[in-house]
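Note sheet for the following structure.
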Amino acid sequence: MSGLFLDTGNLEEIKKYHAMGIIRGVTTNPTILLKDGVTGGMEGIQKRTKDIARLINPLPLSVEVTTNDPDGMIEQAVSFSKWASNINVKITIHGPNGELDNLEVIHELENKHDIRVNVTAMMSAQQCFLAAMAGATYVSLFGGRVNNMGYNAIGEIQKLRDLLDNFGLKAKIIIGSTREILNILEWLHAGAHIVTATPNLIEGMIVHPYSKETVQMFLRDGAKVIEELS
Ligand code: E4P
């Protein structure tokens with residue numbers, strides 16, 4: 001599944017854009033779930049996750065673990081993956097202080113537990129390349145955050161896509177942290193398999209002031225033609 005993913009935990013927004021047939025998956029993270037009103041601890045996460053997964057099935061849904069303890073990450077990933085068959089588990093590239101346990105966890109989840117992993121919070125092609133080498137199904141580069149640091153995400157995307165193709169690595173590139181409408185097509189054009197964007201950005205891709213004016217003209221003149229005929 002490539003193209004556009006929706007970066008939200010808002011069920012109504014997912015329903016709306018899914019019905020249009022323009023999204024190919026959904027990504028969430030703990031910050032998004034908090035913002036989108038998920039309460040009730042792990043049960044709350046489970047309920048919202050199952051609701052989204054059911055709604056978009058068979059499209060993929062990424063859900064992130066809430067711990068960085070290696071055993072805890074594996075335990076949560078195994079449990080999340082049982083909630084629905086289209087769930088992928090998000091694991092960050094390393095721990096909050098650069099701890100190196102996560103790649104081993106990612107490798108084990110993909111190869112021993114047969115769980116699809118989305119490696120997240122990455123800011124460079126080199127991080128994504130290593131996550132892909134470890135066996136990740138998705139590698140998530142945070143394009144907006146890269147740009148905010150003064151680098152251009154496009155260079156990283158082009159380099160990464162070339163490397164994945166040249167080395168025959170299965171990982172699909174997701175570019176997230178999308179800040180501007182312009183980013184969506186420019187990142188897909190640069191070689192991203194997927195860009196994940198918030199609902200407001202997708203609405204902005206669709207609606208154009210000049211299209212509005214044109215549609216208004218058609219409806220106004222259509223009404224006049226119909227009046228003349230009757
Ligand atoms: C992607 O999968 C992430 O959930 C998201 O795009 C992170 O973006 P942020 O920089 O807005 O936190």
Side-chain angles (χ1 to χ4, degrees), residues 1-11 13-14 17-18 22-38 45 48-49 52-53 56 59-68 73 76-77 80-81 86-96 102 106 109 115-125 127-128 131-132 136-154 156-157 160-161 164 171-188 190-205:
M1 296 284 179
S2 297
L4 193 58
F5 279 20
L6 207 50
D7 202 20
T8 185
N10 182 315
L11 211 52
E13 296 286 7
I14 297 168
Y17 290 102
H18 180 253
I22 59 174
I23 60 162
R24 296 291 179 270
V26 170
T27 48
T28 65
N29 63 39
T31 306
I32 288 174
L33 293 183
L34 187 67
K35 181 178 70 63
D36 287 330
V38 172
I45 295 178
R48 183 68 59 94
T49 300
I52 300 171
I56 66 167
L59 302 181
L61 165 65
S62 287
V63 186
E64 188 162 333
V65 295
T66 60
T67 174
N68 207 76
M73 284 190 273
Q76 283 194 356
F80 293 0
S81 69
N86 52 337
I87 286 176
N88 309 136
V89 180
K90 268 182 164 179
I91 306 279
T92 56
I93 179 67
H94 58 60
N102 296 23
I106 291 154
L109 287 174
I115 290 172
R116 304 289 75 80
V117 180
N118 176 350
V119 182
T120 191
M122 294 191 284
M123 308 294 159
S124 66
Q127 289 179 310
C128 294
T137 298
Y138 296 104
V139 291
S140 285
L141 179 79
F142 281 21
R145 292 187 190 233
V146 171
N147 287 355
N148 281 343
M149 292 186 292
Y151 304 98
N152 190 345
I154 288 179
E156 294 303 288
I157 296 167
L160 178 60
R161 179 60 185 265
L164 296 188
K172 292 243 187 284
I173 304 168
I174 301 181
I175 311 298
S177 188
T178 311
R179 301 281 186 259
E180 294 179 309
I181 294 164
L182 163 78
N183 298 149
I184 299 173
L185 289 195
E186 75 177 1
W187 289 344
L188 287 170
H193 298 96
I194 295 149
V195 171
T196 188
T198 48
N200 63 315
L201 294 181
I202 298 181
E203 180 177 352
M205 285 176 87

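In each ligand, atom 1 is the first atom listed, and ligand 1 is the first ligand listed.
The ring-ring contact (aromatic ring centres under 6.0 Å, His included) test applied to Phe80 returns Trp83, not counting sequence neighbours. Partners of Asn147 under the side-chain contact (heavy atoms from CB on, under 4.5 Å) rule, at least two apart in sequence or in another chain, are Asn152, Ala153, Asn183, Trp187. Ser177 meets the side-chain contact (heavy atoms from CB on, under 4.5 Å) test with Phe142, Arg145, Arg179; sequence neighbours excluded.
No side-chain donor-acceptor contact under 3.5 Å links Asn88 to the backbone of Asn118.
Asp7 and Thr27 are linked by a side-chain donor-acceptor pair at a separation below 3.5 angstrom, with hydrogens and angles left out of the test.
For ligand 1, residues of the protein lying within 4.0 angstrom by heavy-atom distance are Asp7, Thr27, Asn29, Ile32, Lys90, Phe142, Arg145, Gly176, Ser177, Arg179, Thr196.
Side-chain contact check for Thr67 versus Met73: some heavy-atom pair is nearer than 4.5 Å.
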